[in-house]
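Below: one structure, written as structure tokens.
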Amino acid sequence: MRKQTGSHERNVGPASSGAPEGAATGEAKAVPDGMSRASLLRPALMLAVLVAGMLLLREVPGVHALLGDTVRLRQGVGGRLLFCLAGAVWCLFGLPRQLLCFAAGVTYGLVEGTALATLCTVTGSVGCFFWARWGGREWVRLHMERKQETPGFLLRHLGRVTAMLQRHPFEAIVILRLLPVGSSLLLNLFAGVTGVAFAPFAAATLVGSLPQTVIFVLLGSGAQFGGMGRAVTAIILFIVSGWVGYRLLRRVVRE
């Protein structure tokens, strides 16, 4: 009886230990799926806030009216701070930066308008950059790893942009800022989710956005002070900056 009992114990031992192993395996398989579902919360929140902000700023007349209120914005330091706050929010949500620069030119003239519009541009872009990094960087990394063998159309293009930003972060961002076409919001998001370092992003945003800032501030100051020469200069600068950006882009793509 003892031998049978011992044999029975020996047979039961592996079977009983096998159940936890199977359960552990099941848990191990379930963890990535759970993490994937949880990881969707941040990207969803990030996009929801951006879309809601864009819609509100477009539909609510407050910011538009404020940027056009030259009397209020010229009232000392408080008026300048108000302009910078409204302009940074404007750029953070990717609304047309040309309107902001034009308003800066109308309100403050060429030199001060360029400085304030540049401050708004860099501050808003950096805010969007960090918002994208918080909300989407981990999800993009995991998704690209899973789809690496069979990437779709969007992932292939995202991979190309990512590779260019990783090889030449400063040059690539400067070039994309110089081009007359494209979305500043998408560039901020791409840079945030692809792991571009903060310093080259901020420096390249400052350098690359400056030509178009000067162009539209010139147009605004020309409209305010009746300067046809400034308008012509702005148009010439717009064409030149676009051509330079295109040439630099071809060189970086070849490399």
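Values in this document were obtained by computation on a predicted structure and should not be read as measured data. Along the sequence shown, the residues carry numbers beginning at 1.
Counting heavy atoms from C-beta outward, Phe216 and Leu219 have side chains that approach closer than 4.5 Å.
Under the side chain to side chain contact (heavy atoms under 4.5 Å, CB included) rule, Val217 has a single partner from Leu100, Thr114, Thr107, Val111, which is Thr114.
Counted by atom type alone, Arg97 and Thr121 present one or more donor-acceptor pairs between their side chains at under 3.5 Å.
Other residues sharing the hydrophobic cluster of Val71, ordered by chain and number and joined by side-chain separations under 4.5 Å: none, the residue standing alone.
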Anything under 3.5 Å between a donor and an acceptor, one on a side chain of residues 196-204, the other on a protein residue two or more places apart or in another chain? List them.
none

Please table the atom pairs, donor to acceptor, closer than 3.5 Å between any side-chain atom in residues 77-88 and protein atoms at least two apart or in another chain.
residue : atom : partner : partner atom : Å
Arg80   : NE   : Glu112  : OE2          : 2.7
Arg80   : NH1  : Arg74   : O            : 3.0
Arg80   : NH1  : Gly76   : O            : 3.4
Arg80   : NH2  : Glu112  : OE1          : 3.4
Arg80   : NH2  : Glu112  : OE2          : 3.3

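Of the possible donor and acceptor atoms, none in the side chain of Thr123 sits under 3.5 Å from a partner among the backbone N and O of Cys120. Looking at Tyr108, its side chain never comes within 3.5 Å of a backbone N or O of Ala117 through a donor-acceptor pair. Within the 3.5 Å criterion, the main-chain N or O of Leu189 finds no donor-acceptor partner in the side chain of Trp131.
In the hydrophobic clustering of ILVMFWY residues, with side-chain heavy atoms under 4.5 Å counting as a link, Leu99 and Leu119 come out apart.
The shortest non-hydrogen separation linking Gly220 to Val106 is O-CG2, 3.3 Å. Across every non-hydrogen atom of Pro211 and Gly208, the tightest pair is CD-O, 3.5 Å.
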* side-chain contact (heavy atoms from CB on, under 4.5 Å) assessment of Leu206 paired with Leu210 -> CA-CA 6 Å; Leu206 174 64; Leu210 189 58; 5.7 Å; no
* To do: Starting from the C-alpha separation in whole Å, work towards a yes-or-no answer on side-chain contact (heavy atoms from CB on, under 4.5 Å) for His168 and Ile175.
  => CA-CA 10 Å; His168 310 285; Ile175 290 167; over 6 Å; no
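By the ring pair (Phe, Tyr, Trp, His ring centres under 6.0 Å) test, Phe93 is found to be paired with no residue, residues two or more places apart in sequence or in another chain being considered. For Leu47, there are no side-chain contact (heavy atoms from CB on, under 4.5 Å) partners two or more places apart in sequence or in a different chain. In terms of the side chain to side chain donor-acceptor pair (under 3.5 Å) criterion, Ser209 has no residue partners (sequence neighbours excluded).
Between atom CZ of residue Arg72 and atom CG of residue Leu67 there is a gap of 11.0 Å, rounded to the nearest 0.5 Å. Going from atom CG of Asn188 over to atom CZ of Arg133 covers 12.0 Å, rounded to the nearest 0.5 Å. With values rounded to the nearest 0.5 angstrom, Leu178 atom CG is found 12.0 Å from Ile173 atom CD1. One finds the CG atom of Leu95 at 5.0 Å from the CH2 atom of Trp90 (value rounded to the nearest 0.5 Å). In this structure, Thr205 OG1 and Phe129 CZ are separated by 9.0 Å, a value rounded to the nearest 0.5 Å. Note that CD of Gln212 is 8.5 Å distant from CG of Leu179, once rounded to the nearest 0.5 Å.
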